[in-house]
There are 2 protein chains.
Amino acid sequence: MDTPAPRRRTRIQQEKRDVILEAALEVFSANGFRGATIDQIAEAAGMSKPNLLYYFRRKEDIHETLMQRLLDTWLAPLRALDDVGEPLTELKRYIRRKLEMARDFPRESRLFANEILQGAPRIMPLLEGELKGLVDDKAAVIKGWMQAGKIIRTDPYHLIFSIWATTQHYADFDVQVRAVLGPGRSDESRFEDAARFLEGLFLEGLKPKG
Amino acid sequence: MDTPAPRRRTRIQQEKRDVILEAALEVFSANGFRGATIDQIAEAAGMSKPNLLYYFRRKEDIHETLMQRLLDTWLAPLRALDDVGEPLTELKRYIRRKLEMARDFPRESRLFANEILQGAPRIMPLLEGELKGLVDDKAAVIKGWMQAGKIIRTDPYHLIFSIWATTQHYADFDVQVRAVLGPGRSDESRFEDAARFLEGLFLEGLKPKG
DNA sequence: CTAACGTTTGTCCATCCGGTCAAAATTTGC
DNA sequence: GCAAATTTTGACCGGATGGACAAACGTTAG
């Protein structure tokens, strides 16, 4: 009655929970919450299903823990967007960092996309609370830059959305990007091209000079 | 043996199949393929499960039919991208049309996103064939504009990707956009703001003039 | 050494879900 | 009006899946 779930005390618990979360990230991101089975996760984690359920009592608990951890790393680049540097440089760096995250953590991106696509049933409070708060802050910073004439006047919220959309596209829609570009290009050159393109798009737009 | 599936002859068949597809679009787009159940679709279509299975023998058949129909309408705006008009105007129109589709057909967008996110297991051939072919064509058109000095020189493929990403974001990540923007704005003003922002982004970029 | 505690496993259960089937109800062609 | 064809339904099946449980196994502290 006193220990409804085993507390994270022992070293083993901490390690096993990490193994499970890593396995769950793989399985959830590839199949969605509903599409993933506990058996799959258990196998990927190298343990039996009852053993896994000893560390996480319900499938949803795994998912919830995963989403909480995810959001922190996921929003780190936006948190780092700061008032100190030159605005255009700051934005450029933000775009590059987001694109690197799409390249290096595509599973996290897809897990998140899956959750949002289904209507965010499990993380809606986080979106309306933590996420909205952060975006409001950063939108204010960007607005300051606009008022100082450092960047063109436009909607800072939609600017953030467009950076999210374009960068995460390379993780979430990876198979489509690959299919369209064909087998010729390497992963690296694909991301280099994307980085170069996005930098040009956000800084210069499409209109030719003069 | 001769009629493996009922042929689409009678009026009833045609009508019922349409009702089922409409219901399936609703359910699939909200829950994904795996997350959707035949019972849910049958209920949304106002008929019993065996009755539904009389028109589509397998769950996958419904999904496949849906995806085939979808892709046509979905790619129509890109097909309409033409060499005749002024390049910047053409691109502006394309962006606007895509954004309108995200507003008017969000379920279709989410259905498609769901499929791609899962690795496009059911439509990979379409991506590598029809879709790639179309994008190759249009990328060539855009490249022509670049060579004629009508728009800045950049990667036409990533340009198309970025238009897809930014516009579909408003359908696929709708709940997140709403959560961040808060309850203040109406649907209409949200899309107007987005349209205005995207037009400015793609045409002018962020750098201030002069 | 041993008792207490933490970990692992095999077995089992209830429910859900995709799909079948035969019989009943309805529509259609003549 | 009636026979053939089409449509609809209730009952059912087998496999998958989330989760419970108790017994066995291992570890640790005294």
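Each chain gets a letter, A, B and so on, in the order the sequences are listed, and its residues count up from 1.
The side chain of A/Y54 lies closest to C/dG6, out of D/dG19, C/dG6, C/dT9. Of the candidates D/dT8, D/dG18, C/dG19, the closest approach to any side-chain atom of B/L53 belongs to C/dG19. You'll find that the side chain of B/Q13 is closest to D/dT7, out of D/dG19, D/dG10, D/dT7. Closest to the side chain of B/K16, out of D/dG10, D/dT7, D/dC21, is D/dT7.
A donor-acceptor pair under 3.5 Å is absent between the side-chain atoms of A/R110 and the main chain of A/A30, judged by distance alone.
At a cut-off of 3.5 angstrom, the base of D/dG19 holds no donor-acceptor pair with the side chain of A/K59.
Stacking of B/K59 on the aromatic ring of B/F33 is recorded, both the 6.0 Å distance cut-off and the 45° axial limit being met. A cation-pi arrangement is absent between A/R103 and A/Y170, since the terminal nitrogen or guanidinium carbon is not both under 6.0 Å from the aromatic centre and inside a 45° cone about the axis.
If you take CZ of B/R17 and C1' of D/dT8, they are 17 Å apart, rounded to a whole angstrom. Distance, B/E15 CD to D/dT7 P: 11 Å, rounded to whole Å.
Using a 4.5 Å cut-off on side-chain heavy atoms (C-beta onward), A/H158 and B/L198 make no contact.
Residue-level contact check: B/A42 touches neither bases nor backbone, having no heavy atom under 4.0 Å from any strand.
In terms of position on DNA chain D, the residue among B/K49 and B/G46 whose nearest nucleotide sits closer to the 5' end is B/G46.
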